[in-house]
Amino acid sequence: MAMDRAEFLEIVKDAYSAYYTILPAEEVREELPLAFRAEYNVRDEQYFFVKSANIWKNEKHEYCFVFSAPSFDPALAEECIDFSLKEMLPKVKPHKEHQYTNCKVILIADSIDDATMKTVQKKKFSRSYGPLSIHGYTELLCAAVDLEKRKAGANRCGRDLEAFFGKLFALRSEDTQGNGK
């Protein structure tokens with residue numbers, strides 16, 4: 001049984017709102033089905049007795065772009081991923097306290113064909129800043145979610161997204177069984 005895409009988008013948005021700042025989708029282009037964007041920014045530091053005696057500091061940033069459509073073909077999936085990278089890369093500000101700035105792209109569809117799933121799984125992008133990544137790095141994490149099959153596929157860097165969506169599917173099926181639907 002397929003899940004309702006609008007309902008699933010609200011579940012994803014709710015899950016991301018715990019740690020991310022949810023931003024409404026702005027009008028990008030008619031052919032790109034951007035549902036919403038989310039940003040995660042955190043700065044950690046450790047100090048010795050007083051704040052002026054810093055031991056270490058680091059910053060982590062993640063920009064998530066969630067696209068939703070009845071289906072995606074490989075060309076549209078590529079276009080969504082390229083758009084997300086193009087929007088995110090100018091926001092990267094490498095410096096000695098920068099750990100990473102990642103781009104996360106999620107494609108949610110009622111059904112996704114095998115060619116599109118393979119396109120998403122093979123997509124990769126990474127960039128190091130400074131020698132030995134001393135000023136941080138950037139990676140592309142992308143996933144495609146098929147609501148009809150209740151299955152998610154991701155590229156190598158986005159393997160955690162597969163587990164995340166697997167948990168969402170499991171929780172959703174428990175909710176529907178527990179409510180008698």
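From a predicted model like this one, the values you see are computed outputs, not experimental measurements.
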Exercise. Taking the six-membered ring where the residue is Trp, are the ring centres of Tyr16 and Phe164 under 6.0 Å apart?
Worked result: yes
Exercise. Under 3.5 Å, is there a donor-acceptor pair linking the side chains of Tyr20 and Lys13?
Worked result: no
Exercise. What orientation do Phe8 and Phe165 show, parallel under 30°, tilted 30 to 60°, or perpendicular over 60°?
Worked result: tilted
Problem set entry | Option passing ring-ring contact (aromatic ring centres under 6.0 Å, His included) with Tyr100 (candidates Tyr129, Tyr63, Tyr137) | Tyr137
Problem set entry | Leu89 reachable from Val105 in the ILVMFWY side-chain graph, under 4.5 Å edges | yes
Exercise. Are Tyr19 and Tyr40 an aromatic pair by the rule of ring centers under 6.0 Å?
Worked result: no
For this session: Report the hydrophobic cluster partners of Ile112, with the cluster defined as I, L, V, M, F, W, Y residues connected by side-chain heavy atoms closer than 4.5 angstrom, directly or transitively.
Result: Met117
Exercise. Is Lys124 salt-bridged to Glu139, cutoff N-O under 4.0 Å?
Worked result: no
Exercise. What are the two closest heavy atoms between Leu76 and Ser71, and how far apart are they?
Worked result: CD2-O, 4.4 Å
For this session: Establish, from distance only, whether the side-chain atoms of Glu59 and His95 form a donor-acceptor pair under 3.5 Å.
Result: yes
Problem set entry | Nearest-0.5 Å distance, CZ of residue Arg43 to NZ of residue Lys60 | 12.5 Å
Problem set entry | Whether Asn155 side chain and Leu140 backbone form a donor-acceptor pair below 3.5 Å | yes
Exercise. Is there a donor in the side chain of Thr138 and an acceptor in the side chain of Arg127, or the other way round, less than 3.5 Å apart?
Worked result: no
Exercise. Shared ILVMFWY cluster between Leu23 and Phe83, side chains joined below 4.5 angstrom?
Worked result: no
Exercise. With ILVMFWY side chains joined below 4.5 Å, transitively, what does Leu132's cluster contain besides itself?
Worked result: none
Problem set entry | Spatial distance of atom NZ (Lys122) from atom SG (Cys142) [nearest 0.5 Å] | 13.0 Å
